[in-house]
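Right, one structure below, let's go through it.
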Amino acid sequence: MKLYNTLSRQKEEFKPIQEGVASIYSCGPTVYQYAHIGNMRSYVFMDILRRALKYNGYNLKHVMNITDVGHLVSDADEGEDKMVKTAKQTQKSPLEIAEYYTGVFMKDIAELNIEKPEYIPKATEHIDEMLQFVEELAEKGFAYETSDGIYFDIMKFEGYGKLSRLDLEGQIAGARVDVNEEKRHPADFALWKKAPKEHIMQWPSPWGMGYPGWHIECSAMSRKYLGDVFDIHTGGVDHIPVHHENEIAQSEALLGKPAVHYWLHGEFLLIDNGKMSKSLGNAYTIADIKKEGYSPLAFRYMCLNANYRSKLNFTWEGIKAAQVALDRLFEGVLAHRKAPEGIELEAGLLKRFEEDFKDAVNDDLNIPKALGVAWNAVKHGTKSQDIYGLLLKMDNVLGLDFANIAQKHEDEASELSPEIEELVNIRQQARKDKNWKLADEIRDKLNGMGIQLEDTPEGVKATRK
RNA sequence: GGCGCCAUAGCCAAGUGGUAAGGCAAGGGUCUGCAAAACCCUUAUUCCCCGGUUCGAAUCUGGGUGGCGCCUCCA
């Protein structure tokens, strides 16, 4: 299985540290706001990686953090930090808010059929581990104290910037707006911040009350759950230059060797070919997608149709196309599910589909191609249980929920109310009598009730829209 | 200013040296009382432009043009 490693900018054969086990750390959500579909694309990517590894026979040790410690400054009431405002308005504590948004997030990912990682640790429950990490770095001489915190000294760490291939000289020339005079290098970053009194969340430390720096949680929690060195770290491309660069610096400084073997990054989701942002009002959520009548799985399908390393452009037209395609795909899967037992297929057909599928998946998660193979299997002229079985296998990676949805499609037809059955029967009589006017009226009426009628050679078929 | 990514049909998109997957939309057809749904067929002599390498390039190379992202605790 080949994966593209941001560190080497190349596809590399995946070789786990421990035979048969893949250890993964994924940067998770910050739970002070609703996660938008751009965030969700990242988690779909994370999920595909999970599933692809399992498909290849690996057992997983997968961690996704919940960042429930923000830098919430209680007097920041300007536009950006709306959650603090909400905290004030609702009289809720940061933890209550975090709990609420964590709940929404979990529901969202469940609807996207994203498997839950084995460990989902919360930052606030690992302050001790973070402090210990910082103290160790301080002991080793990689940190220094200023009036407002403990900073990592990047000049002490050889290789700072290797992930993003930063040109440190160039960065310095690019003069930052607010320079912290106490910092030895502009790119030095906080490991621990001393808290002003009004700061909502703070913990005791050797340096007084404070709160963790922005990058330490991932280093500390990955270490706790996966050990010093683990296989794969995932996140969004925006994390490459700062967050992950700093994580590398911290962990590698502490260990004296790389903590992560493969860095994988998911590209951004664009909206109408541009950046998604709250100020533009286009930071849609899964709830928005549902409100417009599309299923979360349609969004998943949309994500699957593009490589995770390419930007994906979201448009309402696009999600509509995805929904139609997904519905038809389910229809196709259902046709195979309904096929009689024992249908003969041409020799080698299944094997060919399966190999093409696996090759695509194992080529750095080329899911668009794999999806194409699935379509070819679905569209195959001969419908058979064997193909249905193969499709279920493929769905272990795709995660489009073939088995359940196909079942649902079948159930829907059979669970109509007697009232509706009655109308359908009246219409059938009208049709026999060639009373087209009445028949069409009933059809329109049922349509208004959300029931769609199809007159097939085998009789009338009613489905809920 | 620094760093990086991308450019394939109306749209989404695969393809990374051997002659353009798949999906949506569109057009035609089968079915139907008419529909709807479903199914079948058709749709890029060509891959932003100009050079180069090669028997052969969407794929490699040089230049140009266009688009986008990051450098703000945003996936």
Side-chain angles (χ1 to χ4, degrees), chain A residues 6 9 11 26-30 32-33 35-46 67 69-71 80 161 164-178 187 189-190 193 213-215 217 234-243 246 265-270 273-278 283 301-302 304-315 317-329 331-332 335 356 360 363 366-376 378-379 381 431 434-437 439-440 443-444 447 452-457 461 463:
Chain A
T6 305
R9 306 286 158 102
K11 288 182 191 173
S26 296
C27 281
T30 304
Y32 284 98
Q33 61 201 350
H36 52 66
I37 54 177
N39 298 313
M40 288 308 157
R41 185 188 180 199
S42 277
Y43 300 114
V44 169
F45 151 56
M46 169 190 94
T67 302
V69 50
H71 78 145
E80 267 308 290
S164 47
R165 315 215 158 165
L166 276 182
D167 172 8
L168 278 180
E169 305 298 319
Q171 294 287 307
I172 300 164
R176 292 159 60 115
V177 184
D178 52 340
F189 55 93
K193 292 276 277 184
W214 320 325
H215 317 291
E217 70 174 87
T234 75
V237 284
D238 54 317
H239 280 158
I240 298 171
V242 179
H243 182 53
N246 293 348
H265 293 96
E267 252 294 354
F268 271 122
L269 180 76
L270 304 180
N273 267 314
K275 186 181 173 162
M276 169 189 295
S277 79
K278 290 208 169 131
Y301 183 94
M302 199 178 181
L304 264 43
N305 199 218
N307 189 282
Y308 77 93
R309 286 196 290 123
S310 303
K311 291 180 185 74
L312 170 60
N313 187 29
F314 177 91
T315 59
E317 196 193 346
I319 188 78
K320 186 181 174 191
Q323 182 74 64
V324 172
L326 182 64
D327 289 344
R328 287 194 191 152
L329 190 62
E331 289 285 346
D356 287 351
D363 180 18
N366 191 341
I367 304 302
K369 192 174 181 180
L371 196 55
V373 178
W375 267 104
N376 286 334
V378 164
K379 292 272 193 132
R431 290 183 69 213
K434 300 205 187 294
N435 185 350
W436 309 126
K437 190 163 173 271
D440 289 353
R443 183 167 65 197
D444 290 344
N447 209 291
Q452 184 160 289
L453 292 185
E454 294 168 44
D455 298 326
T456 70
K461 209 172 115 192
T463 45

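We name chains A, B, ... by the order of the sequence lines, and we start the count at 1 in each one.
- Of the nucleotides present, B:rG2 is the one that pairs with B:rC70 by Watson-Crick or G-U wobble criteria, both distances under 3.5 Å.
- Both distances falling under 3.5 Å, in either a Watson-Crick or a G-U wobble arrangement, occur for no nucleotide opposite B:rU16.
- The minimum heavy-atom distance linking A:Arg41 with A:Phe268 is given by the pair NH1-O, 2.8 Å.
- In this structure, A:Gly38 reaches the bases: a heavy-atom distance under 4.0 Å links it to at least one base atom across the strands shown.
- Out of B:rC74, B:rG33, B:rA38, the shortest distance to the side chain of A:Glu331 is found at B:rA38.
- The partner of B:rC48 is B:rG64, by the rule that a Watson-Crick or G-U pair needs both atom distances under 3.5 Å.
- The side chain of A:Leu312 sits closest to B:rC12 out of B:rC12, B:rA25, B:rA75.
- Taking only side-chain nitrogens and oxygens, A:Lys320 never comes nearer than 4.0 Å to OP1 or OP2 of B:rA25.
- Of the listed nucleotides (B:rG33, B:rC68, B:rA14), B:rG33 has the atom at the smallest distance from the side chain of A:Asp440.
- Under the stacking definition used here (centres under 5.5 Å, planes under 30°), the residue A:Trp436 qualifies as stacked on the base of B:rG33.
- Comparing A:Ser310 and A:Ala370 by the nucleotide of RNA chain B that holds the closest heavy atom to each, the one mapping nearer the 5' end is A:Ser310.
- When distances are taken from the side chain of A:Asn366 to each of B:rA14, B:rA13, B:rA75, the shortest belongs to B:rA14.
- The NE2 atom of A:His215 sits 11 Å away from the P atom of B:rU72 (whole-angstrom rounding).
- Backbone-only engagement by A:Asn376 is indicated by non-hydrogen atom pairs under 4.0 Å involving sugar-phosphate atoms exclusively.
- Between A:Arg328 atom CZ and B:rA25 atom P there is a gap of 5 Å when expressed in whole angstrom units.
- No contact: A:Lys434 has no heavy atom under 4.0 Å from any strand.
- Using atom C1' as the reference point in both B:rA75 and B:rG17, the two lie 36 Å apart (nearest Å).
- Applying the side chain to side chain donor-acceptor pair (under 3.5 Å) test between A:His265 and each of A:Thr234, A:Thr6, A:Asp238 identifies A:Thr6 as the sole match.
- Side-chain proximity of A:Ala321 to the nucleotides B:rC24, B:rC34, B:rG69 is greatest for B:rC24.
- Within the nucleic acid shown, A:Leu269 comes within 4.0 Å of at least one base atom, counting heavy atoms only.
- The aromatic rings of A:His243 and A:His215 sit tilted, their planes meeting at an angle between 30° and 60°.
- The gap from the C1' atom of B:rC41 to that of B:rC31 amounts to 15 Å, rounded to the nearest Å.
- Ranking B:rC70, B:rC5, B:rA75 by closeness to the A:Thr30 side chain, first place goes to B:rA75.
- No contact: A:Phe45 has no heavy atom under 4.0 Å from any strand.
- Checking B:rG22, B:rA14, B:rC24 against the side-chain heavy atoms of A:Asn305 singles out B:rG22 as nearest.
- Closest approach to the A:Ala306 side chain among B:rA38, B:rA13, B:rG33 is made by B:rA13 (side chain taken as heavy atoms from C-beta onward).
- Heavy atoms only, all atoms of each residue included: A:Ala360 and A:Ala370 are closest at CB-N, 3.7 Å.
- Across all strands shown, A:His36 has heavy atoms under 4.0 Å from base atoms, whether or not it also approaches the sugar-phosphate.
- Projected onto RNA chain B by closest heavy-atom contact, A:Glu317 and A:Val242 fall at different nucleotides, the more 5' of which corresponds to A:Glu317.
- Of the candidates B:rG4, B:rG33, B:rA75, B:rG33 carries the atom nearest the A:Arg443 side chain, counting heavy atoms from C-beta on.
- Within the 3.5 Å criterion, the main-chain N or O of A:Lys369 finds a donor-acceptor partner in the side chain of A:Asn366.
- For the atom pair CG (A:Leu270) and NZ (A:Lys275), the distance works out to 10.5 Å, reported to the nearest 0.5 Å.
- For A:Ser42, taking side-chain heavy atoms from C-beta onward, the closest of the listed nucleotides B:rA75, B:rC70, B:rA21 is B:rA75.
- Remark: B:rU43 base-pairs with no nucleotide in the shown strands. Criterion, Watson-Crick or G-U wobble with two distances under 3.5 Å.
- At a threshold of 4.0 angstrom between heavy atoms, the contacts of A:Lys379 are confined to the sugar-phosphate backbone, with no base atom among them.
- With both pairing distances under 3.5 Å, B:rA57 is matched to nothing as a Watson-Crick or G-U wobble pair.
- Nucleotides B:rA13 and B:rG56 are separated by 33 Å at their P atoms, to the nearest Å.
- The partner of B:rC24 is B:rG10, judged by Watson-Crick or G-U wobble contacts that both fall below 3.5 Å.
- Between the C1' atom of B:rA14 and the CD1 atom of A:Ile367 lies a distance of 12 Å, rounded to the nearest Å.
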